[in-house]
Amino acid sequence: MKTNSTYSPARLLRLQRSLSPGGGLNLRRVIPFGALFLILCLVGAYFVFPAGAIPVQEAQDAANPDYREFPVIGSRTIVWVVAQLHLMFAAFVLAVPMFALIIEIIGYVTKDERYDHLAYEFVKLLSVSFSFTAALGAMLTFLLLILYPSLMQYMVKIFSWTFLPYVALFFLEAIFLYSYYYGWGKFSPKVHIGLGVMLNIVGTAIMFIADAWLTFMNTPNGITETGELVSLWGAVNNFIWMPINIHRIIANVAFGGSIAAAYGAYKYLGAKTAEDKAHYDWMGYVGNFVAISAFLPLPFAGYYLGKEIYAYSQSLGITLMGGTFSWLFIVQAILIGNLFLAANYYLWVSMERIDGAERFRKYIKYLLGAITISFIVWATPHSLVASVEEARAMGGSHHPILGVLGVMSAKNTAVNVLILTTYISFLLYRRGNKEATVPWAKMGMNIQLGIFVLVTLFVIFLGIYGYFVEASVRIGLSVPQVLSVLFAMISITFIDVLLFKNAKKTGEIRWGEIGNRAQYALFFIAITFAWTMGLMGYVRAGMRQHWHVYGVIEDTSVDAFTPTIGYAAIVVSITVFIFFVFIATVFWLTGLTNKEPWKPKEERNKSVEAAG
Amino acid sequence: MNLLVILAIIAAWIGLRFLKANSLAWAAGIWVGLYVGLSYGINPPLPSSILSMFMAIITLALVTYLTAGNDRMKEMADTIVTFVVDKRYTGALIGVLIALPLLVSFKVYLNMTQAPEPPISGRTIHPVPPNTITVNGSPFNIVEGHNPYRELESSDPDAFALHLENGRRVYYQNCVFCHGDNMEGDGQFAHGLDPIPANFQDATTIAMLQESYLYWRVAKGGPGLPSESTPWLSAMPAWENFLTEEEMWDVIMFLYDYTGQRPRVSEEVH
Amino acid sequence: MKTLATLLTLLYFVAPSAAQNVDLGTDAQREAGRLMYNAKCSHCHGARGAGDGAATAFLRPAPRDFTTGTFKFRTTENGELPTDEDIRRSIRQGMPYTGMPPWPQLSEQEVDNLMYYIKTFSDFFSGPFAEVTALDMPSPPSITDESIVRGREVFLENSCIDCHGNLGRGDGPSGPTLTDQWDIPIRAADLTKRWTFRGGSTRSDIYRTFTTGLDGSPMPAFDIQPIEDQWALVNYVHSLSRDEADYSTYATSVFTTAAIDPSAGADAFSAAPEAFFAMVGQVIEPGRSFFPGVNGLAVRAMHNADHIGIMLQWNDMSADTDGINGPGLEVPIWPNDTDTTQAFSDAVAIQFPSGDGSGGGLPYLLFGDVSNSVDLWFADLSTPRADHYVGNGSGNLTASGMDYETSASYEDGQWTVIIKRDRTLDGQITFEDAAFAPVLFSVWDGFSRERGNRRGLTSWTYLYLEPAETESPLGPMAMYGLITLLLGLGATTLIRRKYSNVSA
Amino acid sequence: MTNVLKIFVFVICVLAFYAYVGQMVPQKITYPPTSTDFVGDMTPLELAAAGEEIMSGKGTCLTCHTIGSPGDGLRFPDLGGIGGRAGAQIAGMSAVDYLAESLYDPNAFVVEGFLPGMPAVSNPPINLSDNEILAVIAHLQSLGSQPTVTLDTELQWQSEEGSAPSAPTVAPGEPLDGPGVFTNYACSTCHAIDDATRLVGPSLYDAGSRLSKAEIYEAVMDPDATIAEGYPGAAMAAMLNASGFYQNVSTEELKSLVDYLASKTGQ
């Protein structure tokens with residue numbers, strides 16, 4: 001397939017944006033802000049590439065250098081930071097409509113007005129945050145065009161035909177978004193929900209297209225050895241395209257939920273009235289519920305992704321898990337362990353405001369024990385850092401006990417136990433103020449307990465059994481582990497729903513009476529999510545090592561080396577910090593809608609006096 | 001496992017139970033108990049880097065526990081406040097205020113006077129192989145290549161047995177000095193090598209690798225390692241200088257056969 | 001020395017015929033033993049038990065030939081067959097510092113099966129002399145200073161020094177000539193390294209060894225009377241070495257204000273701690289050394305403001321100062337090394353990375369590599385100096401013509417070599433205070449015909465230079481203590497102010 | 001406002017903690033594999049190391065030559081110890097010159113007992129640059145003696161500008177005919193086409209009578225599927241790869257080539 005020489009810089013723009021570790025972007029506020037930036041980009045791109053001369057033959061034109069240098073921090077770092085920021089906003093604006101819609105539907109089904117208000121409140125966050133997304137996207141585009149011209153030319157050569165549907169979807173997205181947002185309460189609920197569904201479908205499709213571009217860079221496909229395009233569908237449907245799509249949808253929801261929960265926490269801490277407190281307490285809870293629910297299946301999606309990377313190339317797989325980046329996954333384990341711990345912590349503190357939940361308090365220490373042990377197992381590295389003396393005492397850099405904990409069997413088991421434990425915390429929270437009234441209540445609970453115990457034992461058994469079978473079998477064992485955990489969660493939930501159908505309420509949930517520390521736990525979860533995303537962005541881009549497009553376009557710039565984890569950690573921390581400054585601005589702007597209308601000073605004084 | 005230490009810790013915990021200690025005391029007791037247990041209860045001892053990581057996680061968990069419940073939180077706060085404010089405990093408070101700085105000073109003293117540590121080599125045990133290598137002049141693709149004799153295992157067991165027997169000879173004439181008679185990395189020269197030779201009985205060595213990976217390691221040895229695996233330290237010879245390709249494959253098959261492991265096979269491509 | 005054959009002839013008339021109590025195991029046991037033997041033992045001891053397996057040429061001492069019925073480690077009379085328990089013990093414990101490993105992972109039954117199968121290799125086990133009784137092995141009395149002093153006398157009275165040397169370093173005058181029953185050269189044990197004793201390192205093991213002798217080797221059984229003298233000898237031998245090898249991870253050089261003078265000898269280094277490094281054969285590149293002559297090296301080092309001196313000591317049964325040696329000499333592949341016309345001298349080398357070592361990694365341990373060279377301080381002990389070589393790999397050694405101030409002496413089976421250098425030298429490593437300099441040692445034993453790539457060597461290890469003055473910990477201690485105190489006081493004040501109403 | 005401040009401090013603390021965790025693990029920068037950059041001050045030894053890579057890689061030398069294991073039935077001389085012998089092969093010619101001639105003009109002197117047929121490595125398809133050839137010479141010297149050449153060594157065969165001859169160019173648009181493809185991709189370096197001479201590869205003057213079109217096609221596209229007895233494997237695929245044949249040849253050109261070869265029936 002020959003390159004279409006009449007490419008439009010607008011396509012390039014989106015292409016570049018997709019190359020960030022983010023991808024799924026939703027320019028929702030196209031009309032007021034985004035359109036302006038788009039136009040700027042179009043104009044800018046024409047100036048950056050005079051003559052628009054991107055026929056592929058002339059890609060190596062001497063007038064276009066392969067790289068340009070960004071001052072002080074270097075090209076890579078600036079693109080890295082901007083791309084990461086862009087990704088975080090994109091993830092947020094993609095995810096919020098998803099759970100807003102779900103909440104809206106819940107509201108519609110249960111006829112509970114509260115849910116509808118909450119959904120609208122979430123959607124309000126969108127309006128500002130995606131103009132940030134657009135701004136960052138434009139910035140990223142400019143940077144990539146300026147700093148990595150020849151790489152961008154290659155990407156255009158491969159993906160030119162994916163730009164048309166992208167543009168089309170983009171307009172649809174804008175239309176659905178604004179009709180969904182501005183049309184709140186102005187359509188019949190069914191029509192409005194339909195708009196929401198369409199909004200999500202279009203948003204997801206946009207992300208899928210964008211994902212194709214960036215996954216292609218990791219696992220190029222559908223091209224000849226010299227990089228000529230053979231099959232566009234092959235290039236799109238490369239090895240990790242679908243895994244990344246799935247992983248991103250889920251992770252976006254988790255991330256969006258955690259940010260929304262942080263918003264609730266922020267408002268809660270500032271709330272003056274009991275009513276406000278109750279509302280924002282509830283909002284934080286719902287956001288966190290969404291985040292953690294989406295978070296639970298995430299390790300499975302990650303496993304699928306890792307498997308496909310191995311399938312594509314053993315070298316990439318080993319680079320990722322065993323070589324250069326193996327320590328990164330220890331850091332990741334610490335982050336995710338923290339997430340589990342904080343999520344459970346939030347639930348436990350929340351239970352304090354449920355009358356009747358005291359009876360479950362005694363279980364906390366066992367849950368905590370299980371979490372701690374799993375956390376420790378998961379964070380135990382395979383290659384230990386040990387001094388010569390210690391290594392000699394161990395008989396090498398391999399510890400007989402830690403070595404057992406350092407391999408995949410143990411880690412898989414730990415993750416599954418973590419998931420189960422968190423699920424149990426949820427369950428306890430859920431039945432905090434309820435007492436089952438069905439006649440088979442006792443038996444039902446025993447069955448639940450039985451399933452839980454059996455599955456836990458089964459998961460642990462498989463983990464141990466994994467040490468006694470050959471590796472190919474061991475890899476397969478993770479599947480029954482995952483399935484049994486899923487089975488436990490589904491079946492126990494099913495029984496639970498029946499059990500508590502007409503449950504007797506033993507007490508109220510005293511919304512708004514939660515300790516402030518729970519709100520900080522929500523912040524902690526949001527920060528940790530954002531940081532984990534940043535770290536994973538680093539590894540996803542970093543595993544290509546000295547390639548722009550793995551095995552096809554080599555990175556010959558000064559930044560071809562892979563920086564240390566320590567350096568990445570600092571960049572990620574700074575990026576996340578900037579993100580939170582931005583998101584704080586978003587919170588503040590969103591909060592303006594509830595502000596009293598401006599009045600001249602005298603009037604305000606008067607009203608104060610009147611009140612006094 | 002050092003049973004005595006563990007028993008002592010459990011005894012101390014039972015003691016706490018009998019004393020009806022409050023949750024703050026429990027947390028301290030558990031922290032100290034786990035610290036002692038992890039430091040002295042496990043043989044061989046854990047590396048200090050791991051120990052501090054474990055203790056950090058445990059600390060986090062204990063803080064979580066203490067603050068998760070309102071009444072526990074209050075109990076903790078009350079205990080601390082009472083201790084600090086109540087006149088009855090003034091003496092003890094002064095003691096603690098003096099003891100803590102002394103402990104810190106002592107720790108500083110220990111840190112500054114301990115024997116110097118030679119540089120640690122954080123070597124990668126299983127580095128990424130190159131895609132292709134040239135063994136004695138013939139190229140071999142590690143990604144797609146496979147053991148040309150493995151198929152004999154099913155197609156011609158007798159020929160396979162001969163290969164194994166040849167592998168045994170090769171092993172005991174070349175490899176046994178470091179990797180040991182029982183392939184546990186404890187040959188007669190192992191004590192003088194750093195890093196120590198690989199233990200093939202361990203489930204995390206050859207069992208999780210493909211035969212082509214082993215072929216790379218055998219053919220190219222220490223000098224063929226990438227820099228993150230400290231090729232200058234490894235005493236693994238580049239066996240292509242001594243052995244034929246067939247001998248190298250044979251000895252690889254013998255390793256798997258003797259240890260009862262199976263090589264990892266490449267996974268299905270979707 | 002009595003051999004089994006002569007003994008058998010003698011015993012033929014006195015021994016009771018066809019022992020009934022000999023346990024040869026069942027067919028099933030022997031069959032199980034055979035399978036186990038073929039899987040785990042035959043590559044060294046040979047398929048027919050004749051000590052002629054595939055690996056035999058690479059092992060010294062050579063693997064036991066089971067067909068002759070001669071066993072070293074027994075609790076029975078000299079020349080007799082071992083008891084079942086002796087065979088079990090040898091399998092179970094192995095022989096340290098030889099190719100025979102311990103087999104702790106085998107079950108009792110498996111060891112028994114092996115023992116029964118091993119017995120089938122020799123007719124003696126089913127013959128008239130198969131029934132043996134273990135000698136009484138008394139448990140050792142406590143060690144006293146007197147017994148050690150007496151032990152030294154017993155040691156001299158029984159001519160132990162003929163083979164084991166004056167201080168037990170295996171350097172007796174007849175040491176180099178010793179061969180075993182099959183004319184394979186064999187060495188007297190180095191009694192200063194108890195951890196290398198083939199038969200075990202406990203006092204009971206030593207007692208057993210000299211009371212029953214090591215059949216097939218030149219070590220006879222000694223019948224020393226009274227029994228107190230037996231234990232005196234055991235205690236003396238025991239006192240010659242520490243319990244364990246205690247290999248070091250690095251050597252420490254201590255600061256001195258005195259001048260470094262190699263000719264002053266070992267005494268000048270007594271203030272420096274000894275680092276003891278394991279030395280193993282170079283089995284990586286062609287010219288492989290499967291039985292290095294030296295298995296351990298003691299290192300001490302001292303430095304002043306300008307110079308550093310490194311002292312190396314190792315035990316060697318003979319000082320080989322005739323002949324030549326060099327790090328780049330050609331070595332034929334074992335066992336083709338048959339030309340013995342050229343004699344080789346003892347030699348030692350200290351290897352440091354060239355330059356400042358900023359290349360990100362060390363040079364390759366075997367004399368460096370093409371891109372990272374090493375500096376070799378090579379002392380051929382037939383000459384009184386140490387030469388500087390630049391190594392770019394085993395095949396690429398270049399003598400620069402420079403040499404280092406050196407002294408070498410040999411006394412009572414121990415070489416002492418001291419080499420001195422300026423702490424700063426252009427193009428070579430700079431020895432800085434409180435820094436770890438990577439270092440690797442090689443020793444060539446001329447008697448074992450080691451040269452070039454055939455040698456004993458250590459791994460890369462480190463030399464640490466203690467700074468002249470160590471920073472006093474008092475300042476930081478006071479500072480951190482004070483900060484903690486202030487923090488504590490601050491917290492106390494805050495809490496007290498906030499909750500003062502509680503104190504009632 | 002204090003709340004905002006508290007949250008701000010909290011965020012900073014958590015981020016600092018994670019940044020700290022990132023510093024606690026082993027830090028390693030992974031550099032891209034060093035490509036053989038020829039810098040002026042490379043020592044002969046460094047040059048030799050680079051040469052070793054070239055010989056097994058781009059130079060495809062080891063598809064035909066062995067190093068240190070003669071008698072494997074390969075068609076070209078074993079190169080073990082060549083550095084020691086090189087100076088004595090032709091009277092009056094230094095070792096460096098002899099090696100250089102063997103690389104630039106290999107058939108000027110052919111070792112007794114071997115057939116001519118080695119391609120000049122400075123030309124397509126192998127196409128080594130002058131510097132790369134110097135590196136190869138350095139490595140060959142190191143086999144048996146000390147390398148002496150550096151990048152400053154001048155050889156009479158070196159091209160004026162010191163640049164490598166350009167790679168085969170395919171005229172855009174115009175597909176080549178069969179003989180054109182044969183010439184353009186330098187097939188004649190290894191295969192005779194007009195007579196039965198055995199070069200590196202078998203003569204093709206009777207290809208049409210020995211092989212069907214399908215077999216010829218396979219022999220071109222997958223040379224190692226069937227290797228004529230007595231010829232080295234892997235060489236052709238490597239060379240065709242190096243010359244860009246597989247990347248550039250069009251279906252049409254391939255068809256003409258097969259037709260052309262099939263027309264060669266030995267008469």
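Chain naming here is simple, since letters A, B, ... match the order of the sequence lines and numbering starts at 1 in each.
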Exercise. Where does C/S472 contact chain B at under 4.5 Å (heavy atoms): side chain, backbone, both or neither?
Worked result: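 Just its backbone gets close to chain B.
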For this session: Sort C/P363 into side chain, backbone, both or neither according to what part of it lies under 4.5 angstrom from a heavy atom of chain B.
Result: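 For C/P363, backbone heavy atoms alone lie under 4.5 Å from chain B.
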Does the side chain of [X] reach to within under 4.5 Å of the side chain of [Y], using non-hydrogen atoms?
X      : Y      : answer
B/E117 : C/Y464 : no
C/F58  : B/V176 : no
B/Q188 : C/Y97  : no
B/L233 : C/S459 : no
B/W232 : C/L366 : no
B/F189 : C/V283 : yes
C/E285 : B/P237 : no

Problem set entry | Sorted by number, residues from residues 162-172 of chain B in contact with chain C (heavy atoms, under 4.5 Å) |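 Expected list: B/R168, B/R169, B/Y172.
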Exercise. Listed by residue number, which members of residues 240-259 of chain B have a heavy atom under 4.5 Å from any heavy atom of chain C?
Worked result: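 Only B/F242, B/Y258 of residues 240-259 of chain B have a heavy atom under 4.5 Å from chain C.
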Problem set entry | Side chain C/R496, main chain B/D86, donor-acceptor under 3.5 Å |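 The answer is no, because no donor-acceptor pair under 3.5 Å joins these two groups.
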For this session: Please check if the side chain of C/T492 supplies one atom and the backbone of B/V84 the other of a donor-acceptor pair under 3.5 Å.
Result: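 No: the side chain of C/T492 does not pair with the backbone of B/V84.
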Problem set entry | Per-residue contacts, residues 274-282 of chain C versus chain B, heavy atoms under 4.5 Å |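 Expected list: C/A278, C/V280, C/G281.
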Kindly check if the number of other-residue, nucleotide or ligand heavy atoms within 6.0 Å of [atom1] ([X]) is above 12?
X      : atom1 : value
C/Q105 : CD    : yes
C/I333 : CD1   : no
C/E244 : CD    : no

Identify all side-chain donor-acceptor contacts of residues 89-110 of chain B below 3.5 Å with residues at least two apart in sequence or on another chain.
unit_1, atom_1, unit_2, atom_2, d
B/T90, OG1, B/K87, O, 2.7
B/S105, OG, B/P101, O, 3.0
B/S105, OG, C/M477, O, 3.0

In Å, rounded to the nearest 0.5 Å, how long is the span from [atom1] of [X] to [atom2] of [Y]?
X      : Y      : atom1 : atom2 : value
C/Y247 : B/D194 : OH    : CG    : 14.0 Å
B/S234 : C/I284 : OG    : CD1   : 7.5 Å
B/L193 : C/W460 : CG    : CH2   : 15.0 Å
C/C41  : B/D181 : SG    : CG    : 8.5 Å

For this session: Heavy-atom distances under 4.5 Å only: say whether B/N174 touches chain C with side chain, backbone, both or neither.
Result: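 Both backbone and side chain.
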For this session: Examine whether an atom of B/A115 lies under 4.5 Å from a heavy atom of chain C, and if so say whether it belongs to the side chain, the backbone or both; otherwise answer neither.
Result: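 Both parts, backbone and side chain.
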For this session: Please determine, among C/L489, C/D369, C/T98, the option with the most heavy-atom pairs under 4.5 Å with chain B.
Result: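 Maximum pair count with chain B is reached by C/T98.
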Problem set entry | For chain B, the option from C/P286, C/A491, C/G488 that forms the most heavy-atom pairs under 4.5 Å |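 Looking at each option in turn, the highest pair count goes to C/P286.
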For this session: Could you pull out the closest heavy-atom pair between C/F290 and B/Q173, with the gap in Å?
Result: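 Closest approach of C/F290 to B/Q173: CE2-O, 4.4 Å.
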Exercise. Which pair of non-hydrogen atoms, one from B/P116 and one from C/F436, has the smallest distance, and what is that distance?
Worked result: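 For B/P116 versus C/F436, the nearest heavy atoms are CB-CZ, 3.7 Å.
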